[in-house]
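Here the structure is laid out as structure tokens; the discussion comes afterwards.
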Amino acid sequence: MALSHEVASELERILGAGGLVLTPEGRLVYECDMHTFYKGAPDAVALPARAEQVQAIVRVCRAAKVPIVPRGSGTGLIGGAMAPQGGVMVSMNRMASILEVDLPNRCATVQPGLINLWLTNAVRERGWFFAPDPSSQMVSSIGGNVSTNAGGPHCLKYGITTNHVLGLEVVTGHGELVQLGGKTVDRPGYDLTGVTVGSEGTFGLVTAITVRLTHLPEAVKTVLAAFRTVVEASETVSAIIASGMVPAALEMLDEAIISAINAGTGAGYPEGAGAVLLIELDGPSAEVEDQAGRAAAMCRERGALSVSVARDEAERALLWKGRKEAAGAVGRLTAAYLLQDAVVPRSKLPQIMREMVAIGERYRLRIANVFHAGDGNLHPMICYDDRRPDELARAKDANEELLRACIALGGSVTGEHGNGLDKSKNLPLQYAEADLNFMYRLRRVFDPDHLMNPGKLLPTHPACGEGFRPQRPVLPAGTWV
Ligand SMILES: Cc1cc2nc3c(=O)[nH]c(=O)nc-3n(C[C@H](O)[C@H](O)[C@H](O)COP(=O)(O)OP(=O)(O)OC[C@H]3O[C@@H](n4cnc5c(N)ncnc54)[C@H](O)[C@@H]3O)c2cc1C
């Protein structure tokens, strides 16, 4: 769809000089997120600086029935912040301030475009941090984290984004500016904050967020254990979790990733191992000391090739730098890859890792792994050469087979990245028709005209896979309310 002259002029008036991108080359920058399979440039990109501008944009677009696509930093991995039907993309990068730090109440209020790590940087010296730590935290926005309900390595102990959001200011698809939740917990009425976290811009645009701040732990220890195989490492993960210990983080990296990371960052992960576990314990010193010893012992009992502990903060930081830059390092292994984000119950890790090896062999593709093992949240990267069409087709089939295997083991089609365009088609694998219909109806309460990020999060058709269509989802007769 092309934007009418009237709508463009109205948006220019609202946003002022330099607030609206209309040039083809300018719009092209916004045609995809980090899942580059899915492309769709918006007809215009709005760069608001204030919530009132966001509200005015929604009202103009709603009157003209123009789709609206919110965007944070565009690091999503699901085809979320892109515009398959055109329309107006609302980029939150200019709304990136910390509005308030309220340490007595252990919270802060920020604008959505604020980069995740910048909040921790602002409060660390006073002894606090913002716990949700997606590996993209150096670049992803807190608004994007809230909208995808992002996880991260340390979410094993601290909980995912939703556990740290106290309140939201949202411009709904109606064009209303509403306050959900607030600084106090357990407010009367429905938990609209909870339902909005993870809604991927389908309810409206988040314009301010009140988040919990967490006290920095007294002590931290990072254990690195190398194993012969990913299956042995997975069995150790299950054993650690079953013992009742909750490490701050419990990450697994396989052989392919280890060599790519070492070459890219010099992180010094043990070469030659089939897999390593990065186990971080934090909390009171005595407890951390005890748990680090127990975790190391469990690794040795299960045949670890080596077990070491980071000697100082510099060594620990280097290990984490390697882990957090793993996705970029994969460029050393392959021209292209498909990244899966799925979950299995933690006790099923050894089983799914065996299945993954078998799928890789069956489809003759290398599958590299770096993931939040403690959560059972897998991130296999299926490597392929995009110059060979048959490899891409095989990679897609392997990807879907892997997803079905996770569901068969009682898992979930997505762990932390969300649905976007990519996973919306897979939801019927996990939800019954009645569950999906309930979600469609909830969405319409916030966005009656289906203009907010259309085509994302929910399948266009519950029977799945009909591509993106501008009209409302078609449901079996009698089920649409
Ligand atoms: C190298 C790398 C590592 C990653 N590691 C992790 C990880 O460990 N854990 C994890 O969960 N994810 C991870 N991701 C994925 C991604 O960074 C997260 O999904 C992140 O939360 C997206 O934030 P963003 O600001 O880039 O949002 P975008 O990609 O811009 O948007 C994401 C979604 O949120 C919506 N949205 C954005 N802002 C708003 C707003 N203000 N109001 C309403 N809707 C909005 C968009 O429409 C879109 O649907 C990783 C990505 C990369 C590239």
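Index from 1, following the sequence. Order of appearance sets the numbers: ligands from 1, and atoms from 1 within every ligand. Values in this document were obtained by computation on a predicted structure and should not be read as measured data.
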(request) Please list, by chain and number, the protein residues whose heavy atoms come under 4.0 Å of ligand 1. (result) Met34, Pro70, Arg71, Gly72, Ser73, Gly74, Thr75, Gly76, Leu77, Gly80, Ala81, Met92, Pro112, Pro134, Ser135, Ser136, Ser140, Ser141, Gly143, Gly144, Asn145, Ser147, Thr148, Ala150, Gly151, Gly152, Glu200, Gly201, Gly204, Leu205, Val206, Ala327, His372, Glu416, His417, Asn453
(message) Checking Glu12 now: which residues fulfil side chain to side chain donor-acceptor pair (under 3.5 Å) with it, not counting sequence neighbours?
(response) none
(message) According to side chain to side chain donor-acceptor pair (under 3.5 Å), does anything in residues 148-160 pair up with another residue at least two apart or in another chain? List the pairs.
(response) Asp133-His154, His154-Glu280, Lys157-Asp282, Tyr158-Asp282
(request) State whether Glu100 and Lys183 are salt-bridged, where the test is any N-O pair (Lys NZ or Arg NE/NH1/NH2 against Asp/Glu carboxylate O) under 4.0 Å. (result) yes
(request) Assess the pair His379 and His417: is the distance between their ring centroids shorter than 6.0 Å? (result) yes
(request) Answer yes when Glu251 and Lys324 have at least one side-chain N-carboxylate O distance shorter than 4.0 Å, and no when they do not. (result) no
(request) Just grab all the ring-ring contact (aromatic ring centres under 6.0 Å, His included) pairs involving residues 51-74, residues at least two apart or on different chains. (result) none
